[in-house]
Amino acid sequence: LPLGRFVAATNANALLPDVLGGMPYTPRASHQTLSTAMDVGDPSNLARLLDLYGSPAALSKFVEAVSVSDAETERAMRGLSERTGYVADPHTAVGVAAWERVRRAGESGVVLATAHPAKFPDEVARVLGAPAETPERLARLASLPTLSEDLAPTDVALRDWLLARFA
């Protein structure tokens, strides 16, 4: 895509902004936030990106990283709802808050949403006063039984399981 720039948003677990800002890449304990899927202290994708670009300095030429607090996340959720009627999940709101912070006058952008707000009913209800409506397709999936089997954590166990079912 002919993108002018790429902004990577994260919550208070700000390893990417710290590394791109010159701090050493040191894994750390994660902090619990409103955007729980971003609560990572050692993101595996960061190692891949650093390997791909060769160094944090080279990566920072293509990616601007922004850390967003829970308060900013909540403000973004409320602002989107009030301005547009859109109900954002906390993770999408992190991206919106980051974009709103770094957007330049006259600049437009796209924020990629990765989750449906109905997956976070308690968080959305606390911030917006009511949970997001659950789409019928999501409700149908949630009503299905969970299917799982315990396997030993080995490649042999996985291979044997796959062969037993799909051979």
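Sequential numbering from 1 along the given sequence is applied to the chain's residues.
- Between E72 and R78, none of the side-chain N atoms (NZ, or NE/NH1/NH2) sits under 4.0 Å from a carboxylate O, so this pair counts as no salt bridge.
- Rounded to the nearest 0.5 Å, atoms NE2 (H91) and CE (M38) are 6.0 Å apart.
- Side-chain atoms of E82 do not come within 3.5 Å of backbone N or O of G79 as any donor-acceptor pair.
- Considering CD of Q32 and OG1 of T36, their distance stands at 8.0 Å, rounded to 0.5 Å.
- The closest side-chain heavy-atom distance from S30 to N13 is below 4.5 Å.
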### Query
Can you list the steps and then say if E100 with R83 is a salt bridge (Lys or Arg N to Asp or Glu O under 4.0 Å)?
CA-CA 14 Å; E100 288 175 346; R83 286 189 317 270; 3.0 Å; yes

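- Using modelled atom types, no side-chain atom of S81 and backbone atom of M77 make a donor-acceptor pair closer than 3.5 Å.
- The closest donor-acceptor contact from the side chain of D89 to the backbone of H116 lies at 3.5 Å or more, if one exists at all.
- A continuous path of hydrophobic side-chain contacts links V94 to W99 [ILVMFWY only; heavy atoms under 4.5 Å].
- Contact detail for L20 and A65: the closest heavy-atom pair is CD1-CB, 3.9 Å.
- The salt bridge (charged side-chain N to carboxylate O under 4.0 Å, His left out) search around R165 returns E149, not counting sequence neighbours.
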### Query
Is there a side chain to side chain contact (heavy atoms under 4.5 Å, CB included) between V66 and R101 once you walk through the steps?
CA-CA 9 Å; V66 177; R101 186 186 312 155; 3.2 Å; yes

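- Distance alone, capped at 3.5 Å, places no donor-acceptor pair between the D18 side chain and the M23 backbone.
- Across all their heavy atoms, A9 and G95 have their closest contact at CB-CA, 3.7 Å.
- D70 contributes a side-chain N or O that, together with a main-chain N or O of L34, makes up a donor-acceptor pair within less than 3.5 Å.
- Screening V63, V19, L46 for a side chain to side chain contact (heavy atoms under 4.5 Å, CB included) with P56, the sole residue that qualifies is V19.
- Note on ring orientation: taking the six-membered ring where Trp is involved, the planes of F166 and W161 are perpendicular (angle over 60°, cut-offs 30° and 60°).
- V102 and L80 fall within the same hydrophobic cluster, defined by Ile, Leu, Val, Met, Phe, Trp and Tyr side-chain heavy atoms under 4.5 Å apart, directly or through other members.
- No path of Ile, Leu, Val, Met, Phe, Trp and Tyr side chains, each step under 4.5 Å between heavy atoms, connects V7 with L49, placing them in separate hydrophobic clusters.
- Residues D42 and R28 fail the side-chain proximity criterion, which asks for heavy atoms closer than 4.5 Å.
- L16 has its side chain out of reach of P43: every pair of non-hydrogen atoms, C-beta onward, lies at least 4.5 Å apart.
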Would you give me the side-chain donor-acceptor pairs under 3.5 Å for residues 117-128, sequence neighbours excluded?
unit_1 : atom_1 : unit_2 : atom_2 : d
R126   : NH1    : E74    : OE2    : 3.1
R126   : NH2    : E74    : OE2    : 2.8

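- Judged by distance alone, with hydrogens and angles left aside, the side-chain atoms of H31 form no donor-acceptor pair with the main-chain N or O of D39 at under 3.5 Å.
- One distance of note links OG1 of T10 with CG of L15; it measures 8.5 Å at 0.5 Å rounding.
- In this structure a side-chain-to-backbone donor-acceptor pair under 3.5 Å is present from N11 to S35.
- Side-chain contact between L59 and L50: present, with at least one pair of heavy atoms (C-beta onward) separated by less than 4.5 Å.
- In the hydrophobic clustering of ILVMFWY residues, with side-chain heavy atoms under 4.5 Å counting as a link, L52 and F6 come out together.
- Evaluation of the ring-ring contact (aromatic ring centres under 6.0 Å, His included) rule for Y86 yields no partner, not counting sequence neighbours.
- Hydrophobic clustering (ILVMFWY, side-chain heavy atoms < 4.5 Å, transitive): F62 and V111 are in distinct clusters.
- T92 contributes no side-chain N or O that, together with a main-chain N or O of A88, makes up a donor-acceptor pair within less than 3.5 Å.
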